[in-house]
Amino acid sequence: MGKNDKHIENTIIERRLLDRLTNIPNREGFINLVGDQIINSQHEKVMVMMNVRNFKIINHIFGMQKGDEILVDIAKILSKRKVYGDICGRFYADRFGLFMSRDSWDEHPFDEQVKEIESLIDSSEFHLDLVTGVYLVKNHDDSAYDMVDKAVLAMKSQRQSSDTPFHFYSENMFNKAKHREVVIAEFDNALKNDEFVLFLQPQFTAEGELVGAEALARWDRQHSGEILPPSRFIDILEETKRIHRLDQYIWDLAAKQLKAWENTKFKDITISVNISPEDFECINVENYFKELILKYRIDPSKLHIEITENAIIYSPVKFENFVNAMKEEGFVLELDDFGSGYSSLNVLKNINVDTIKLDMVFVRGLKGDERAQIILKSVIDMIVKLGMDIIVEGLETRGQLETIKEMGNVLYQGYYFSKPLKISLFEEKYGKVLE
Ligand code: C2E
Ligand code: MG
Ligand code: MG
């Protein structure tokens with residue numbers, strides 16, 4: 001190979017590993033350089049990944065050319081900071097990576113660069129915000145890819161309006177991300193193999209008379225007896241647009257249960273099911289419930305439907321229509337978690353549900369707190385005046401029951417009476433009571 005060929009070859013390699021726009025290494029270039037550096041190195045390292053929050057909006061407001069200029073400037077600012085051995089690259093779009101020794105990270109604080117980058121746009125229309133994930137490399141067996149993944153994980157777990165631009169990777173984040181992958185990977189089979197189980201939490205009058213139950217999902221993972229609570233899977237299923245499949249399954253079990261109780265002591269017991277706002281994005285909820293009633297030939301007034309306050313706040317008109325349509329069909333509508341969100345009172349004005357489920361926040365710290373008691377009493381009075389029923393959630397002590405009983409006629413759901421139970425246990429326990 002001639003000298004000229006060698007030169008061309010190098011140029012091609014260089015081009016392949018360089019980002020055309022900013023002239024710093026691209027993703028491959030960055031990974032290669034990091035890979036070279038970590039071989040045999042026992043020095044402490046730091047991997048940083050950064051993004052501009054809502055970068056697309058820059059292109060939208062100021063145009064593509066300005067967007068490109070910003071990216072070039074970011075690359076310049078980051079390169080300027082580099083001390084010997086530091087590596088900086090642009091992965092794609094607005095994502096940049098930096099790799100450095102721990103000494104470099106400690107001795108040349110990044111705050112300056114962050115400020116400089118954030119001041120690249122001085123506009124009332126857009127504030128340039130950086131989102132940064134930092135992995136202080138602990139494991140020397142990590143490949144360059146592992147390091148990048150961990151820094152990205154830290155970056156992504158940053159909340160919307162965090163006041164520090166840096167977010168540090170932790171083992172906990174890794175475990176959470178791993179758990180998320182497990183849920184996604186196992187969900188289809190779990191649903192097919194009936195690993196999701198319907199638990200029922202009973203609802204009572206103040207006198208202890210059983211009137212209904214809430215259907216709550218549990219996951220008996222691979223039928224191992226390891227029971228996962230909803231907090232371990234609902235959010236993940238919502239974020240990945242899978243929740244409607246679980247919800248349909250649970251609603252079906254609830255309807256089936258109502259049918260099974262039809263000619264038994266449990267015939268008057270109602271079951272409330274939860275719906276997620278995401279369900280409305282993927283299926284026709286109204287039709288599904290109508291079909292359930294036809295499929296099991298049950299009385300729709302026995303099947304109560306819970307919508308959370310938060311869902312309603314984001315699309316009030318949609319839910320107003322939904323609530324009215326479902327009531328027309330004979331279903332009973334409940335507003336869940338009332339009082340846990342931001343708005344509240346206005347929701348009551350427009351959404352004509354049958355029942356309000358008061359969130360646990362109203363019950364917590366009621367004892368000896370006069371202000372808390374005044375608030376709860378007023379809320380109960382108001383809801384009663386509006387002609388709606390009330391279920392107080394999260395009742396845990398006899399004292400709470402005594403206090404709330406004085407305030408009005410409400411129903412109760414909480415550990416004081418019972419935790420959510422497997423259906424067989426529910427029937428065993430309350431079958432006797434209903435004799
Ligand atoms: P939620 O609908 O507000 O359900 C009430 C939650 O409070 C249940 O938690 C229940 O076990 C818990 N709880 C009841 N009484 C007490 C008490 O006295 N003290 C305390 N500390 N907690 C009490 P769980 O079963 O863990 O469910 C959590 C949330 O997950 C539910 O809140 C609901 O929003 C959601 N969820 C549960 N099952 C489903 C489902 O099938 N589909 C959907 N979309 N969401 C579900
Ligand atoms: Mg609920
Ligand atoms: Mg609730």
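Both ligands and their constituent atoms are indexed starting at 1 by order of listing. All residue numbers in this chain count up from 1 along the given sequence. Everything quoted here is computed from the prediction, not taken from an experiment.
The closest non-hydrogen atom to atom 25 (O) of ligand 1, taken over R218, E214, E306, comes from R218. With P230, A215, S272 as candidates, the residue nearest to atom 37 (C) of ligand 1 on a non-hydrogen basis is P230. With atom 39 (C) of ligand 1 as the reference point, the heavy atom nearest to it among I234, I250, D337 is part of I234. The option with the heavy atom closest to atom 41 (O) of ligand 1, from among P229, P277, A217, A311, is A217.
Among protein heavy atoms, atom 40 (C) of ligand 1 sits closest to D247 OD1, 3.6 Å. Protein heavy atom in closest approach to atom 18 (O) of ligand 1: Y415 N, 2.8 Å. Atom 5 (C) of ligand 1 has its closest protein heavy atom at E393 OE2, 3.3 Å.
Distances from the Mg ion (ligand 3) to each N, O or S atom of E393 single out OE1 as the nearest. The minimum distance between the Mg ion (ligand 3) and any N, O or S atom of D336 involves atom OD1. The Mg ion (ligand 2) lies closest to atom OE1 when only the N/O/S atoms of E306 are considered.
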Go through D188 and R242 one step at a time and tell me if the salt bridge (Lys or Arg N to Asp or Glu O under 4.0 Å) criterion holds.
-> CA-CA 9 Å; D188 282 352; R242 288 174 167 83; 5.2 Å; no
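For a threshold of 3.5 Å applied to N or O pairs, the pair formed by Y416 and ligand 1 contains no separation below that value. Residue contacts with ligand 1: Q413 is placed with no nitrogen or oxygen under 3.5 Å of a nitrogen or oxygen of the ligand (distance criterion only).
Contacts between D336 and ligand 1 below 4.0 angstrom, taking non-hydrogen atoms only, involve the side chain exclusively.
For atom 9 (O) of ligand 1, no protein heavy-atom neighbour is found at a distance under 4.0 Å.
The line from OG of S315 to CZ of F280 is 8.5 Å long, rounded to the nearest 0.5 Å. Of the inter-residue distances, the one linking I356 atom CD1 with D359 atom CG reads 12.5 Å to the nearest 0.5 angstrom. We find the CD-CZ distance between Q203 and F417 to be 11.5 Å, quoted to the nearest 0.5 Å.
Using cut-offs of 30° and 60° for the angle between ring planes, the F168 and F166 rings count as tilted. Between W261 and F426, the two ring planes are parallel [angle under 30°; tilted spans 30° to 60°].
Distances from the Mg ion (ligand 3) show that D337 has an N/O/S atom below 2.8 Å.
Distances from ligand 1 to the non-hydrogen atoms of S231 include no value under 4.0 Å. Assignment of K419 to the shell around ligand 1 is not supported, since no heavy atom sits closer than 4.0 Å.
To the nearest 10 degrees, the Mg ion (ligand 2) sees OE2 of E214 and OD1 of N274 at an angle of 90°.
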